[in-house]
Trainee: 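Got a structure here, written out as structure tokens. Questions coming.
Just so you know, these numbers use all the heavy atoms, side chains as well, and skip hydrogens, waters and symmetry mates.
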Amino acid sequence: MNRVHRVAFRLAGMAVAALLLCSRVSGMQVKSPASPPAPQTAAPAQEEPTQQEDDQNPFAPEPAGPLPAGMTGSDVNDPRANLTPGLYNAGETSMGLKHVLLLKKPDAFQLGAVDPDDPKVGKTIGQLGIPVPLSKIPKPLQLVIAQLAFSNSDLAFQGNHLFQGNFYGVNIFDVSNPAQATLLTSMVCPGGQGDVSVYENLLFMSVEMPNGRLDCGTQGFPPAPPEPPPVAGQEKGKEKGRRPPPAQKDRFRGVRIFDISDIKNPKQVAAVQTCRGSHTHTLVLDPNDKNNVYIYVSGTSFVRQPEELAGCSGEAPDKDPNTALFRIDVIKVPVAAPQEAKIVSSPRLFIDPRTGAMNGLSNGGSHGSEKDKKPADTDQCHDITVYSAIGLAAGACSGNGILLDIKDPVHPKRLDAVNDPNYSYWHSASFSNDGTKVVFTDEWGGGLGARCRANDPNKWGADAIFHLKDDKLSLASYYKLPAAQGDTKNCVAHNGSLIPVPGRDIEVQAWYQGGVSVMDFTDAAHPVEIAYFDRGPIDPKMLVLGGYWSAYWYNGNIYGSEIARGLDVFELTPTKFLTQNEIDAAKTVRVAELNVQNQQKIEWPAQLVVAKAYVDQLARSQALPATRIAALQKAIESAESSQTSQGKLTQSNLTKLKRMAPSLEKSAATAKSPADASRLHALAQILKQPAA
């Protein structure tokens with residue numbers, strides 16, 4: 001791939017700013033995690049930026065400054081630090097992960113242009129409705145903006161099907177054989193960012209950009225007319241800030257709903273409009289309501305004018321108590337009649353219960369520029385992860401991490417809120433399977449900057465791991481990709497999911513061009529990396545947008561949504577950090593659907609392979625003497641080898657295994673760590689009554 005084509009993804013932050021007028025992620029932050037957010041009375045929202053500030057690229061490359069006192073950076077001696085560049089021929093390295101397959105993006109999801117003067121570039125930009133004349137956009141940036149319109153985004157799974165969102169639509173793959181995954185169909189339906197989720201015969205898609213149309217058309221809308229000159233004596237940009245694009249009756253920003261009964265021919269059956277569009281959304285299932293599903297809509301973009309959608313207001317709360325800011329939207333979807341989907345509530349999650357002020361949470365100020373250090377209201381959630389089995393949700397809400405009670409999914413209630421001066425933008429969240437920990441991510445730099453360099457602090461752009469007890473969050477530690485990345489690799493914490501290894505809390509996670517990292521956070525105070533995969537930068541001389549948007553485990557494999565390249569498939573391989581028995585035990589967990597932001601409780605079958613995983617862990621932690629470990633291994637191996645032709649265990653072996661359980665229960669009572677106590681107890685339960 002020549003240099004001109006690789007330029008296509010460069011400085012996509014400028015494209016985002018121009019396309020979406022989205023939240024200014026460079027300025028988001030917060031206070032100490034140990035302290036609750038300070039109460040506030042109703043106050044005007046943050047001052048609008050000047051035209052000069054708005055025109056600046058918030059993701060422009062910044063040199064890494066000196067490390068703050070007490071912080072460390074990333075390892076320049078890691079094998080990932082100096083990989084050779086390339087789009088499809090970059091150098092690769094891995095530990096504990098085998099790269100199985102790369103499926104390149106389909107032709108329909110490629111711009112098909114390598115030259116800024118190609119007519120396709122101007123045509124694509126024109127369809128996006130950018131309120132800036134083409135003549136005022138630098139030529140290289142024109143190609144950037146056009147290519148961004150075809151970027152891959154998030155993933156969802158159902159049965160043998162994988163759904164990959166894209167700013168231009170969605171691609172559906174057959175992953176019945178992951179090593180030979182194939183494209184089933186591509187559905188062109190622009191509007192970005194195209195995050196997807198799936199439930200039974202319904203597919204949901206987030207739409208936020210102003211080129212989204214009700215009919216999924218690719219033509220977009222006519223560009224906005226030039227802004228009028230400022231009034232005499234008035235600074236340009238101060239009169240009203242940037243104007244939204246002209247109102248259009250056919251514009252769509254919100255959540256699309258498709259019927260996928262015919263998987264190769266999805267049909268749109270509903271399109272629920274929202275005031276800020278849908279940057280992301282979360283599928284919510286109510287255990288007490290089988291007839292409906294709910295969608296939590298997180299909007300982070302500009303508020304559309306009421307002429308386009310009645311009732312929309314972007315005013316500060318002191319000027320308009322019905323502002324579309326400082327809330328999420330809840331959509332109710334009747335499963336049997338999805339065409340009747342509608343917004344049923346707009347919860348004010350950031351309200352101060354003592355004063356009633358809807359802008360009751362503030363980030364408290366962050367690191368960075370003087371502007372960044374000033375407190376800013378939290379008026380949006382980027383992502384919400386629900387865990388219906390425990391009735392809780394974790395919201396990553398720009399300046400705060402929040403905990404929600406979702407037992408009544410239509411009316412979620414905030415239970416706790418935390419913030420952290422090390423965090424720039426609270427982006428996403430995951431629970432541990434037992435619900436005692438929450439992992440939040442910080443998307444410092446918006447995912448469009450190099451934030452994993454040797455001098456970038458290991459607490460900035462990292463995961464923050466919190467203990468969760470009695471509905472309160474308390475900070476335990478941070479985890480950041482340990483390998484130093486170069487100036488031309490956009491890198492920061494992004495989307496991930498749990499890997500169902502019994503007895504451990506393990507998460508696989510995307511780090512954009514930092515690759516894929518697998519973290520063990522069983523000990524919340526000491527998270528460690530146990531596997532990884534990485535490629536060299538797309539370009540060696542300039543930062544080019546690419547890398548993994550998401551990396552998720554699904555039914556035995558890890559799938560990575562690569563922004564620029566396509567879809568990657570991986571397998572875990574045994575190392576000193578993870579045994580084959582643990583990998584095999586993880587593969588015993590099968591789910592019919594996976595929407596990662598709708599977290600499911602993991603349950604393991606009482607199979608001997610799961611027991612062997614626990615024994616390996618007890619050996620690793622030295623929780624039992626070597627002689628007892630050997631005896632357990634011998635007994636389990638003997639039981640497996642003497643199974644009947646029907647796969648059943650013999651009575652003598654069942655009796656032998658059952659006799660070992662009481663001593664394990666006794667050892668659990670005196671185990672040196674809660675993790676080992678849990679493993680011993682779980683192992684004893686399997687040995688009492690192992691499944692075939």
Side-chain angles (χ1 to χ4, degrees), residues 19-20 105-106 108-109 128 148-158 161-173 183-218 220 250-284 293-301 328-333 335 338-339 341-343 382-384 495 549-550 552 561 563 567 593-598:
L19 285 171
L20 307 180
K105 290 164 64 172
F109 288 74
L128 295 175
L148 181 69
F150 299 90
S151 293
N152 284 330
S153 59
D154 212 2
L155 301 173
F157 305 83
Q158 183 184 73
H161 298 137
L162 179 152
F163 303 82
Q164 184 177 36
N166 184 287
F167 279 60
Y168 199 62
V170 63
N171 290 297
I172 305 175
F173 297 88
L183 179 68
L184 279 178
T185 189
S186 294
M187 180 175 65
V188 172
C189 190
Q193 56 185 23
D195 283 10
V196 290
S197 60
V198 62
Y199 180 76
E200 295 185 356
N201 66 313
L202 300 178
L203 174 71
F204 305 91
M205 176 191 290
S206 286
V207 182
E208 171 175 66
M209 293 165 61
N211 66 317
R213 295 180 56 92
L214 284 165
D215 61 3
C216 282
T218 61
D250 295 322
R251 192 187 314 279
F252 179 73
R253 299 174 64 217
V255 176
R256 300 188 193 273
I257 305 175
F258 297 90
D259 185 329
I260 55 170
S261 300
D262 180 353
I263 195 68
K264 293 185 178 181
N265 188 30
K267 296 184 182 299
Q268 183 169 279
V269 294
V272 183
Q273 300 269 19
T274 65
C275 289
R276 299 184 76 176
S278 174
H279 189 67
T280 68
H281 70 266
T282 302
L283 177 71
V284 187
V293 296
Y294 299 86
I295 302 293
Y296 287 174
V297 182
S298 296
T300 66
S301 189
I328 65 169
D329 293 314
V330 180
I331 299 173
K332 181 179 180 179
V333 184
V335 176
Q339 69 276 8
K342 63 181 179 180
I343 295 174
H382 182 279
D383 232 320
I384 299 172
N495 296 344
W549 185 286
S550 308
Y552 298 150
S561 180
I563 293 170
L567 176 71
E593 293 176 346
L594 179 66
N595 303 289
V596 170
Q597 288 74 34
N598 175 24

Trainee: Can you name the residues that form a side chain to side chain donor-acceptor pair (under 3.5 Å) with T274, not counting sequence neighbours?
Mentor: none

Trainee: Say you draw a straight line from OG1 of T280 to CG of D154; how long is it, rounded to the nearest 0.5 Å?
Mentor: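 These two atoms lie 9.0 Å from each other.
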
Trainee: Is the shortest side-chain heavy-atom distance between Q193 and W549 below 4.5 Å?
Mentor: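 SC-SC contact between Q193 and W549 confirmed.
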
Trainee: Can you tell me how far the CE atom of M187 sits from the CG atom of N166, to the nearest 0.5 Å?
Mentor: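 One gets 11.0 Å once the value is rounded to the nearest 0.5 Å.
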
Trainee: Excluding sequence neighbours, so at least two apart, what forms side-chain contact (heavy atoms from CB on, under 4.5 Å) with V596?
Mentor: S497, Y552, L594

Trainee: Looking at residues at least two apart in the chain, or sitting in another chain, which of them share a ring-ring contact (aromatic ring centres under 6.0 Å, His included) with F173?
Mentor: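 F173 satisfies ring-ring contact (aromatic ring centres under 6.0 Å, His included) with no other residue.
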
Trainee: Once side chain to side chain donor-acceptor pair (under 3.5 Å) is applied, do any residues pair with S186, and if so which ones, sequence neighbours excluded?
Mentor: N171

Trainee: In the structure I gave you, are the side-chain heavy atoms of E208 and T300 within less than 4.5 Å of one another anywhere?
Mentor: yes

Trainee: Output the distance between atom OG1 (T185) and atom CG (N265), rounded to the nearest 0.5 Å.
Mentor: 7.5 Å

Trainee: To the nearest 0.5 Å, what is the distance between CD (E200) and CG (D259)?
Mentor: 11.5 Å

Trainee: Would you say S153's side chain and G165's backbone share a donor-acceptor pair under 3.5 angstrom?
Mentor: yes

Trainee: Suppose we screen for side-chain contact (heavy atoms from CB on, under 4.5 Å). Which residues come up paired with S206, at least two apart in sequence or across chains?
Mentor: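 S206: side-chain contact (heavy atoms from CB on, under 4.5 Å) contacts with D195, S278, H281.
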
Trainee: Please identify each residue that fulfils salt bridge (Lys or Arg N to Asp or Glu O under 4.0 Å) with R256, with sequence neighbours left out.
Mentor: none

Trainee: Would a distance-only check, ignoring hydrogens and angles, find a side-chain to backbone donor-acceptor pair under 3.5 Å from R253 to G212?
Mentor: no

Trainee: Taking only residues two or more places apart in sequence, or in another chain, which ones meet D215 in a salt bridge (Lys or Arg N to Asp or Glu O under 4.0 Å)?
Mentor: R213

Trainee: Are the side chains of H161 and I263 in touch, meaning some heavy atoms are under 4.5 Å apart?
Mentor: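 Result yes, sub-4.5 Å side-chain heavy-atom pair found.
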
Trainee: Can you tell me how far apart CZ (F252) and CD (Q268) are? Round to the nearest 0.5 Å.
Mentor: 7.0 Å

Trainee: Just jot down the side-chain contact (heavy atoms from CB on, under 4.5 Å) partners of V198, sequence neighbours excluded, or say none.
Mentor: A156, Q158, F163, L203, I260, N595

Trainee: Where do S550 and N495 come nearest, in terms of heavy atoms and distance?
Mentor: OG-ND2, 3.5 Å

Trainee: Side chains of V293 and F204: closer than 4.5 Å at any heavy-atom pair?
Mentor: yes

Trainee: Do V330 and Y296 have side-chain heavy atoms sitting under 4.5 Å apart?
Mentor: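 Touching, per the 4.5 Å side-chain cut-off.
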
Trainee: Are H279 and S301 packed together at the side-chain level, in the sense that at least one heavy-atom pair is separated by less than 4.5 angstrom?
Mentor: no

Trainee: Of all heavy-atom pairs between F167 and F150, which one has the smallest distance, and what is that distance?
Mentor: CB-N, 4.3 Å

Trainee: Holding to side chain to side chain donor-acceptor pair (under 3.5 Å), I want the full list of residues that pass it with D329, two or more places apart in sequence or in another chain.
Mentor: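 Result, side chain to side chain donor-acceptor pair (under 3.5 Å) vs D329: R327, S346.
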
Trainee: For residues V297 and G277, report the shortest heavy-atom separation together with the two atoms involved.
Mentor: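 Smallest interatomic distance, heavy atoms only, reads CG1-O, 3.9 Å.
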
Trainee: Is the closest side-chain heavy-atom distance between N598 and Y199 below 4.5 Å?
Mentor: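 When only atoms from C-beta onward are counted, Y199 and N598 do not touch, as no gap falls below 4.5 Å.
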
Trainee: If we only count heavy atoms from C-beta on, is the L283 to I295 side-chain gap below 4.5 Å?
Mentor: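 Yes. Closest side-chain heavy atoms under 4.5 Å.
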
Trainee: At their closest point, which heavy atom of C216 faces which heavy atom of F258, and how far apart are they?
Mentor: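 Shortest heavy-atom contact: SG-CZ, 4.3 Å.
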
Trainee: Output all residues satisfying ring-ring contact (aromatic ring centres under 6.0 Å, His included) with F157, sequence neighbours left out; order by chain, then residue number.
Mentor: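 With sequence neighbours excluded, F157 shows a ring-ring contact (aromatic ring centres under 6.0 Å, His included) to Y554, Y559, given in chain and number order.
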
Trainee: Restricting to side-chain contact (heavy atoms from CB on, under 4.5 Å), what partner residues turn up for N211, sequence neighbours left out?
Mentor: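 Checked N211 against side-chain contact (heavy atoms from CB on, under 4.5 Å); matches are L128, P190, M209.
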
Trainee: Only counting residues at least two apart or in another chain, list the ones meeting side chain to side chain donor-acceptor pair (under 3.5 Å) with Y294.
Mentor: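 Once residues adjacent in sequence are excluded, the partners of Y294 under the side chain to side chain donor-acceptor pair (under 3.5 Å) criterion are D289.
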
Trainee: Considering all heavy atoms of both residues, which atom of R251 and which atom of L214 are nearest to each other, and what is their separation?
Mentor: O-CG, 4.2 Å

Trainee: I need the I172 CD1 to L184 CG distance, nearest 0.5 Å.
Mentor: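 Answer for the CD1-CG pair, I172 versus L184, is 7.0 Å.
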
